[in-house]
Amino acid sequence: MKIGIVCYPTFGGSGVLATELGIALSDKGYEVHFITYEQPVRLTQGFHPNIYFHEVKVPTYPLFDFPPYETALASAMVNVIVNQDLDLLHLHYAIPHASAAYFARQILKKSGRDIPFITTLHGTDITLVGRDGTYAPVVTFSINESDAITAVSDSLREETLRSFSIEKEIHVIPNFVDVKRFHQTDKNHFKQMLAPDGERILVHVSNFRPVKRVPDVIRIFAEVKKEVPAKLLMIGDGPDRQMVEEMARNLGIYNDVRFLGKQEQISEILSIADLFLLPSETESFGLSALEAMACSVPVISTNAGGLSEINVHGKTGYLADVGDVAAMAGYAISILQNDEELLHFKKAAIAHARKFEKQHIIPKYELLYEKVIADYKLTRESKRLC
Ligand code: GMT
């Protein structure tokens with residue numbers, strides 16, 4: 001089977017998941033074609049003979065204040081589908097991928113070369129951006145035109161049904177983790193460098209956007225530090241980084257916080273972590289938390305969106321209401337102050353993460369692909385006969 005995957009190629013969870021899915025499918029013998037404007041971040045590690053990358057180029061012209069990416073993407077889809085003889089397109093993140101796919105399919109219908117497309121909803125395409133009236137009509141239409149729709153958590157499925165008039169079933173296929181790559185390895189030399197006096201290490205990974213409530217990470221850490229010797233590693237970059245660096249300076253904890261920026265070898269850093277902080281305003285799934293758990297790191301998070309579907313309160317970590325810094329700090333302190341309890345949580349985190357191992361999840365996508373392709377052929381055939 002030849003599958004086209006369309007995603008954002010950045011560090012964001014949807015692009016990461018799409019890339020990991022493409023790699024997993026290619027390992028199983030599928031031919032995978034990524035169609036996007038840059039080489040996806042996780043694709044830069046190692047060579048995968050069954051994976052092809054097709055760059056979407058958006059020519060600029062002085063007339064364009066806003067170069068038409070969606071048009072360039074739809075044209076790229078048409079070219080790749082025809083030239084590579086694809087069987088299916090799988091779109092990650094509705095905007096603008098689903099509407100571009102609809103456009104591409106209409107073009108291809110003229111020559112009978114059209115193929116089905118599946119849209120996977122990841123979160124902000126529904127919860128923040130998609131719901132905005134600026135995009136909502138196009139998002140609703142193109143989701144409904146998809147041959148199948150998937151959401152990464154029950155919570156996101158429900159939110160989508162609440163926010164849009166969806167006429168089709170939404171299949172929940174949770175995100176997954178490759179525990180062969182995400183697991184704890186011996187990185188004690190890093191630990192010695194970053195926490196020379198045996199301090200506990202807390203980690204936060206995100207794109208530092210307001211939805212992540214990064215200031216709460218700093219506030220939680222400031223409270224933890226009053227009770228437990230600790231260091232905080234901040235991974236990622238984004239609009240709120242400067243503000244929280246300033247905040248750490250003002251709170252007098254800057255020397256205990258390391259802002260590491262965007263990192264590709266996240267599992268190496270997670271290997272030395274004792275606790276992962278994710279106090280997001282909303283989070284459809286929280287792939288970064290799952291990757292932390294796979295590296296045996298317990299999670300302190302909010303109970304927003306789908307977080308409670310992966311972080312089990314009192315077992316793999318703790319959950320608290322959005323903005324309840326005192327509760328999250330209290331939970332962090334209780335875990336970090338007790339070696340035995342910390343070990344207990346670490347073991348539960350990895351055990352729970354294994355339920356989301358890729359070999360349990362990938363077959364769900366494979367089954368869906370087969371069904372969608374078969375149904376599409378059947379519908380086309382019956383239309384031809386009419
Ligand atoms: O979290 C972000 O801002 C990035 C965003 C994305 O689309 O790349 O992440 C979303 O998709 C991830 C993968 O499915 C989920 O794990 C994240 O929870 C989700 N983010 C939000 O819902 C805020």
Side-chain angles (χ1 to χ4, degrees), residues 5-22 24 34 36-38 40-43 90-98 118-132 135 139 143 149-160 162-163 170-178 182 204-214 216-217 235-241 262 266 276-294 299 301-311 319 322 353 356 358 361-362 364-365:
I5 292 186
V6 183
C7 65
Y8 283 102
T10 56
F11 280 90
S14 61
V16 166
L17 194 279
T19 312
E20 295 289 353
L21 175 62
F34 281 94
T36 184
Y37 59 84
E38 246 170 37
V41 173
R42 291 253 173 119
L43 207 55
H90 188 172
L91 319 162
H92 292 263
Y93 209 89
I95 309 166
H97 303 152
I118 295 177
T119 303
T120 290
L121 309 172
H122 278 275
T124 47
D125 46 353
I126 296 301
T127 55
L128 291 181
V129 195
R131 242 194 334 226
D132 189 307
Y135 299 113
V139 172
I143 290 178
I149 311 160
T150 78
V152 298
S153 63
D154 289 325
S155 150
L156 183 61
R157 176 182 179 276
E158 278 152 35
E159 175 104 43
T160 309
R162 271 198 305 275
S163 309
I170 301 180
H171 306 266
V172 174
I173 303 185
N175 287 337
F176 59 86
V177 64
D178 181 355
F182 276 85
H204 171 74
V205 181
S206 80
N207 49 27
F208 287 53
R209 297 212 179 106
V211 69
K212 302 293 172 181
R213 295 185 68 97
V214 196
D216 283 0
V217 176
I235 301 166
D237 212 330
D240 284 350
R241 175 168 170 179
K262 290 178 181 167
I266 300 275
F276 188 81
L277 300 178
L278 195 61
S280 308
E281 180 85 35
T282 173
E283 201 70 65
S284 70
F285 184 88
L287 185 59
S288 58
L290 178 63
E291 291 183 340
M293 284 160 60
V299 174
S301 71
T302 53
N303 49 20
L307 281 169
S308 60
E309 293 173 46
I310 54 161
N311 187 17
L319 301 113
V322 174
F356 296 87
K358 68 172 183 181
I361 311 297
I362 305 297
K364 295 180 196 282
Y365 280 116

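As the structure is a computational prediction, the values presented were derived from the model and not from experiment. Note that ligands are numbered from 1 as they come in the structure, with each ligand's atoms numbered from 1 the same way.
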N/O separation below 3.5 Å, Tyr93 to ligand 1: no
Distance from atom 8 (O) of ligand 1 to nearest protein heavy atom, with residue and atom: Ser14 N, 2.8 Å
Just checking, is any N or O donor in the side chain of His122 or Ser284 under 3.5 Å from an acceptor N or O on the other one? no
Considering Glu283, Lys212, Glu291 one by one, which has a heavy atom nearer to atom 17 (C) of ligand 1 than any of the others? Glu283
If you scan protein heavy atoms around atom 2 (C) of ligand 1, the nearest is Asn207 ND2, 3.4 Å
Any ion pair linking Lys358 and Asp178 (charged N to carboxylate O, less than 4.0 Å)? yes
Taking Asp154's backbone N and O only, do any of them form a donor-acceptor pair with Glu309's side chain (distance below 3.5 Å, no angle check)? yes
4.0 Å heavy-atom contact, Gly286 with ligand 1: yes
Min heavy-atom dist Glu281 to ligand 1 below 4.0 Å: no
Shortest non-hydrogen contact between Val214 and Arg209, atoms and distance: CG2-O, 4.3 Å
Touching ligand 1 at all, Asn175? Heavy atoms, strictly under 4.0 Å? yes
Atom 16 (O) of ligand 1: closest protein heavy atom, distance to 0.1 Å, is Leu287 N, 2.9 Å
